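Everything numeric here is computed off the predicted structure, so don't read it as measured data. Order of the sequence lines sets the chain letters (A, B, ...), proteins ahead of strands, with each chain counted from 1.
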Amino acid sequence: MSDTDPQIPSEEWLDLLVRELTDELTPAERSTLASAGSPELVAQTRRDLDRAAGAIALAVAESVPQALPPALQRRLEEQAAAFRASSPRATTVVPLPLRREAPAAPPRAGTGSAGAGWWAAAACLLLAAFAWFRAPQTVFMPAPPSEAKQQSEPTPAMLRAALLTHPNVIKFNVGATKDPAAAGLTGDVVWDPATQQGFLRLVGLRANDPRIEQYQLWIFDGERDQRYPVDGGVFDSTANGGEVLVPIHAAIPVHVAKVFAVTVEKPGGVVVSAREHVVALAQAS
Amino acid sequence: MSLSVLQRISSGDSAALRACIDQYGGLVWNLARRLSRTASDAEDATQEIFLDVWKSADRFDAAQGSEKMFIAMIARRRLIDRLRKTSAQPPMDPLEALESIACADPSNDSESASEAENAVRALQELKPDQRQVLELGLLQGLSQSEISAKLGVPLGSVKSLMRRGLIKVREAMNIDAEGVAARS
């Protein structure tokens with residue numbers, strides 16, 4: 001492309017290499033770079049510029065050192081255990097439907113309506129009324145780290161991290177409701193519309209007795225009748241205030257996930273929720 | 001000669017994964033915290049970065065720089081990708097990170113201090129508008145057009161400021177990095 005010395009970067013393609021650090025180049029720009037001077041020089045200059053950008057990031061990171069939060073350290077260690085157990089080159093998300101049947105127990109009788117106000121507020125936002133339908137139930141029990149290290153499959157933490165690398169993954173922040181079981185609850189939902197995979201992460205969720213009640217996840221699809229949210233599965237919390245990571249198994253395809261809600265239901269889940277206990281609502285962040 | 005953590009990961013030493021977290025967790029977390037919009041995003045980003053690092057361990061070449069530098073490069077790329085994917089809100093610690101480190105004492109006794117030191121020294125020599133453009137582009141994920149619009153500066157000037165600033169930093173790296181000669 002140039003009649004100048006091919007060993008000297010031209011300003012034009014140097015600018016393109018700089019722009020590569022912050023932007024997607026157009027096909028025409030990529031073509032210009034591909035035909036520019038010596039490929040080795042382009043490659044070396046690209047590495048140098050990337051290294052310069054990395055050095056700036058390193059300088060920033062070292063300016064005020066910070067320790068890793070203990071909870072994140074534990075998640076990383078679990079992720080490392082899963083990485084070790086799986087192929088070190090694994091790059092794809094492997095389905096991990098750790099399924100078991102919901103425990104057989106009589107349905108819990110309806111009680112009170114402590115969460116009704118919050119639910120009503122959410123309902124105003126989302127829908128007129130709920131008429132729920134039943135879908136296959138899935139229960140996930142998060143494995144403790146010691147077990148995770150022995151598994152041959154990636155842990156949910158690793159799968160979630162892998163999912164986050166997918167393009168167009170949407171993140172929803174969990175907000176606690178006024179339900180007593182929701183006190184201090186935080187978390188998020190990550191959802192990939194393309195693969196219909198997702199994870200609900202909750203911190204501070206009260207442990208449940210699955211013989212008495214279970215948590216149930218619902219997905220409100222913007223392209224469906226809001227009275228009919230999609231069943232996202234039933235799950236238990238054994239964390240008792242710690243972190244619960246729940247793979248989401250939508251019973252039917254979700255076109256436009258708008259809101260995720262977690263309710264407390266009888267063992268095995270319900271077809272129509274009594275709307276007594278809504279513990280979490282997650283909307284796009 | 002003992003192997004570095006990344007070389008150990010590459011050779012299949014499973015204990016090295018934990019060592020990698022211990023050794024570089026603070027670095028990655030600090031960058032993630034600065035270049036993410038929320039603490040939750042920063043946590044997710046940290047997990048993604050470590051996955052990237054472990055998968056890329058066999059690409060680490062000690063002749064091209066330190067492990068810390070290698071990891072910082074991976075982290076920055078991943079964080080910028082994440083910033084680009086989301087809406088145009090600023091990161092938690094927006095702007096002026098480079099201004100503050102440009103005023104700092106670059107001396108540092110960590111093993112790879114020379115690379116960060118060189119970068120700090122180079123940043124100190126840049127003009128404030130060069131630092132600002134580099135910050136917006138390299139640490140906040142803004143495109144050159146977005147920087148131009150944000151600062152009210154012609155696009156050509158943004159390109160020039162960024163190019164010259166980076167070349168200055170690159171030269172500082174080349175001058176002092178072992179085994180890598182300055183080429184321009």
For B:Arg170 and A:Arg51: C-alpha separation, side-chain torsions, deciding distance, then whether side chain to side chain contact (heavy atoms under 4.5 Å, CB included) applies. CA-CA 7 Å; B:Arg170 184 187 75 157; A:Arg51 197 161 148 258; over 6 Å; no
Looking at A:Thr186, A:Leu21, A:Val190, A:Leu17, which has the largest count of heavy-atom pairs under 4.5 Å with chain B?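 Looking at each option in turn, the highest pair count goes to A:Leu21.
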Quick check on the interface: out of A:Leu68, A:Asp188, A:Val169, who has the most heavy-atom pairs with chain B under 4.5 Å?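 It is A:Leu68.
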Locate the shortest heavy-atom distance separating [X] from [Y]; write the atom from each residue and the value.
X       : Y        : answer
B:Leu51 : A:Ala161 : CD1-CB, 3.8 Å
A:Ala57 : B:Ala72  : CB-O, 4.4 Å
B:Trp29 : A:Ala67  : CD1-O, 3.3 Å
B:Ile21 : A:Gln73  : CG2-NE2, 3.9 Å

Among [options], which residue forms the greatest number of heavy-atom pairs with chain A at distances under 4.5 Å?
options                              : result
B:Arg78, B:Glu48, B:Met162           : B:Glu48
B:Gly12, B:Gly25, B:Ser160, B:Ser145 : B:Gly25
B:Gln144, B:Lys168, B:Lys159         : B:Gln144

State the [atom1]-[atom2] distance between [X] and [Y], to the nearest 0.5 angstrom.
X        : Y        : atom1 : atom2 : value
A:Leu76  : B:Ile49  : CG    : CD1   : 10.0 Å
B:Leu166 : A:Thr45  : CG    : OG1   : 12.0 Å
A:Leu16  : B:Arg163 : CG    : CZ    : 10.5 Å
A:Arg75  : B:Phe50  : CZ    : CZ    : 13.0 Å
A:Leu164 : B:Asp44  : CG    : CG    : 4.5 Å
B:Thr38  : A:Lys171 : OG1   : NZ    : 5.0 Å

Does CG in A:Asn168 sit with more than 12 non-hydrogen atoms of other residues, nucleotides or ligands closer than 6.0 Å?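 Atom CG in A:Asn168 is not crowded, with 12 or fewer foreign heavy atoms closer than 6.0 Å.
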Crowding at CZ, B:Arg164 (>12 non-hydrogen neighbours, <6.0 Å): no
Of the backbone (N, CA, C, O) and the side chain (C-beta and beyond), which part of [X] lies under 4.5 Å from a heavy atom of chain B, both, or neither?
X       : answer
A:Leu49 : both
A:Ala53 : both
A:Ala71 : neither
A:Asp50 : both

Checking B:Ser40 against A:Arg201 for the side chain to side chain contact (heavy atoms under 4.5 Å, CB included) test, could you report, in this order, the C-alpha distance in whole Å, the side-chain angles of both residues, the deciding distance, and whether it holds? CA-CA 11 Å; B:Ser40 171; A:Arg201 183 166 66 95; 3.4 Å; yes
Could you walk me through whether A:Gln79 and B:Trp54 satisfy the side chain to side chain contact (heavy atoms under 4.5 Å, CB included) test, starting with their C-alpha distance in whole Å, then the side-chain angles of each, then the deciding distance to 0.1 Å, before giving a yes or no? CA-CA 11 Å; A:Gln79 180 171 291; B:Trp54 299 335; 3.8 Å; yes
Measure the shortest side-chain to side-chain distance between B:Leu142 and A:Thr22 over non-hydrogen atoms and say whether it is less than 4.5 angstrom. no
Worked verdict on A:Leu72 versus B:Gln47 for side chain to side chain contact (heavy atoms under 4.5 Å, CB included): CA-CA 8 Å; A:Leu72 180 56; B:Gln47 287 192 259; 4.2 Å; yes
